[in-house]
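Take a look at the structure below.
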Amino acid sequence: MSQANDILQQAQARAAAQGLPYAGAVTPAEAWQLAQTLPGAVIVDVRTHAEWQWVGVVPNAELIEWKSYPGMAANPNFLTQLKTKVDPEQVVMFLCRSGARSHDAALLAAQHGYTAAMNILEGFEGDKDAAAHRGTVNGWKVAGLPWQQG
């Protein structure tokens, strides 16, 4: 549990340093470690159904769209769906493609009583490389963490 506590402290320090309005920011490796070792910790993947199917998913992650493909309209039921799957007292780590939608999801969750809402930095596919391709610089897949084709 000590390693989990260290990760949580680092996540909180990152959030404080960046002025984030939620509990923390974790790297993909830290998120996976917490999901495996911290009882009740959950990853919520907020990408679209299309991304889950075509790009892949993290095993055992909860899947709740933040926006829907192809129009990328906001999911008006996001918070309701979150509340049915994750207790506000649980450590909840949000994942998207690059860390932007997951930041927004962590913010909304924190505003609605999720005391341990966190963003997974870099996202599933990470930042773009020099050729504007994702999946080569950083992110969940580049870190070699478990994922499967949806």
Side-chain angles (χ1 to χ4, degrees), residues 1-38 40-75 78-79 81-82 85-86 90-112 114-150:
M1 191 66 112
S2 158
Q3 185 178 17
N5 287 336
D6 290 347
I7 292 171
L8 291 172
Q9 288 176 354
Q10 291 172 1
Q12 291 168 351
R14 278 188 204 107
Q18 296 176 25
L20 300 175
Y22 42 80
V26 292
T27 66
E30 290 169 342
W32 181 248
Q33 183 67 31
L34 289 175
Q36 299 306 302
T37 61
L38 190 63
V42 63
I43 294 171
V44 174
D45 187 333
V46 301
R47 294 174 301 143
T48 66
H49 283 281
E51 288 170 299
W52 300 329
Q53 183 177 9
W54 297 331
V55 183
V57 294
V58 173
N60 302 315
E62 295 291 347
L63 307 177
I64 308 172
E65 284 186 309
W66 179 255
K67 294 183 177 180
S68 298
Y69 179 83
M72 298 309 279
N75 175 1
F78 179 82
L79 195 57
Q81 292 168 345
L82 179 64
K85 294 185 176 195
V86 181
Q90 287 177 270
V91 170
V92 57
M93 300 167 286
F94 295 95
L95 175 71
C96 69
R97 179 186 64 200
S98 63
R101 286 173 282 173
S102 53
H103 163 81
D104 293 341
L107 174 60
L108 181 70
Q111 290 170 340
H112 286 88
Y114 283 81
T115 57
M118 300 190 195
N119 184 23
I120 299 176
L121 303 168
E122 304 169 10
F124 192 71
E125 296 180 76
D127 297 323
K128 292 179 181 177
D129 63 18
H133 299 139
R134 294 189 192 275
T136 61
V137 176
N138 56 13
W140 191 276
K141 291 172 90 173
V142 170
L145 298 168
W147 66 280
Q148 58 199 32
Q149 201 64 44

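- In this structure a side-chain-to-backbone donor-acceptor pair under 3.5 Å is missing from N75 to S68.
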Query raised in the report: How far apart are the C-alpha atoms of L121 and R14, what are their side-chain angles, what is the distance that settles it, and do they pass the side chain to side chain contact (heavy atoms under 4.5 Å, CB included) test?
Result: CA-CA 11 Å; L121 303 168; R14 278 188 204 107; 3.9 Å; yes
Requested in this report: Go through the steps for K128 and V137 under the test side chain to side chain contact (heavy atoms under 4.5 Å, CB included), then give the verdict.
Outcome: CA-CA 7 Å; K128 292 179 181 177; V137 176; over 6 Å; no
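- Closest of all the heavy-atom pairs between I43 and A31 is CD1-O, 4.2 Å.
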Report task. With side chain to side chain contact (heavy atoms under 4.5 Å, CB included) as the test, would you mind laying out the steps for Y114 and Y22 before giving the verdict? Result -> CA-CA 9 Å; Y114 283 81; Y22 42 80; over 6 Å; no
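- Counting heavy atoms of neighbouring residues, nucleotides and ligands inside a 6.0 Å radius, atom NZ of K85 exceeds 12 of them.
- Although no hydrogens or angles enter the test, the distance criterion places a donor-acceptor pair under 3.5 Å between the side chain of K141 and the main chain of V55.
- Taking every heavy atom of both residues into account, A15 and G24 meet most closely at CB-CA, 3.7 Å.
- Counting all heavy atoms, side chain and backbone alike, G40 lies closest to Q90 at O-NE2, 2.7 Å.
- Using modelled atom types, no side-chain atom of W140 and backbone atom of C96 make a donor-acceptor pair closer than 3.5 Å.
- Separating the NZ atom in K67 from the CG atom in D104 is a distance of 7.0 Å, to the nearest 0.5 Å.
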Query raised in the report: Given the rule in the side chain to side chain contact (heavy atoms under 4.5 Å, CB included) test, do T37 and I7 qualify, once you have shown the distances and angles that lead to the verdict?
Result: CA-CA 11 Å; T37 61; I7 292 171; over 6 Å; no
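- Heavy atoms only, all atoms of each residue included: Y69 and A50 are closest at CD2-CB, 3.7 Å.
- Of the possible polar contacts, none joining the R134 side chain to the F124 backbone as a donor-acceptor pair under 3.5 Å is found.
- Formation of a donor-acceptor pair under 3.5 Å by the D129 side chain with backbone atoms of A131 is found in this model.
- Within the model, atoms CG of D45 and CG of L63 stand 5.5 Å from one another, a figure rounded to the nearest 0.5 Å.
- Test P28, S102, S98 against E122 for side chain to side chain contact (heavy atoms under 4.5 Å, CB included) and you get one pass: P28.
- Not a single donor-acceptor pair under 3.5 Å links the side chain of N119 to the backbone N or O of A106.
- Ring planes of F94 and F78: tilted class, angle from 30 to 60°.
- Atom CD of residue E30 and atom CD of residue Q3 lie 9.0 Å apart, to the nearest 0.5 angstrom.
- Of all non-hydrogen atoms in A11 and V26, the two that sit nearest each other are CB-CG1, 3.5 Å.
- Tested against T48, the residues Q53, R97, R101 include a single side chain to side chain contact (heavy atoms under 4.5 Å, CB included) partner, R101.
- The two residues A109 and L82 have their closest heavy-atom pair at CB-CD2, 4.0 Å.
- Taking CG of N60 as the start and CD of Q148 as the end, the distance is 8.0 Å to the nearest 0.5 Å.
- A donor-acceptor pair is defined here as one N or O able to donate and one able to accept, closer than 3.5 Å; no such pair exists between the side chain of E51 and the backbone of G56.
- Annotation: the span from E125 atom CD to W147 atom CH2 amounts to 9.5 Å, rounded to 0.5 Å.
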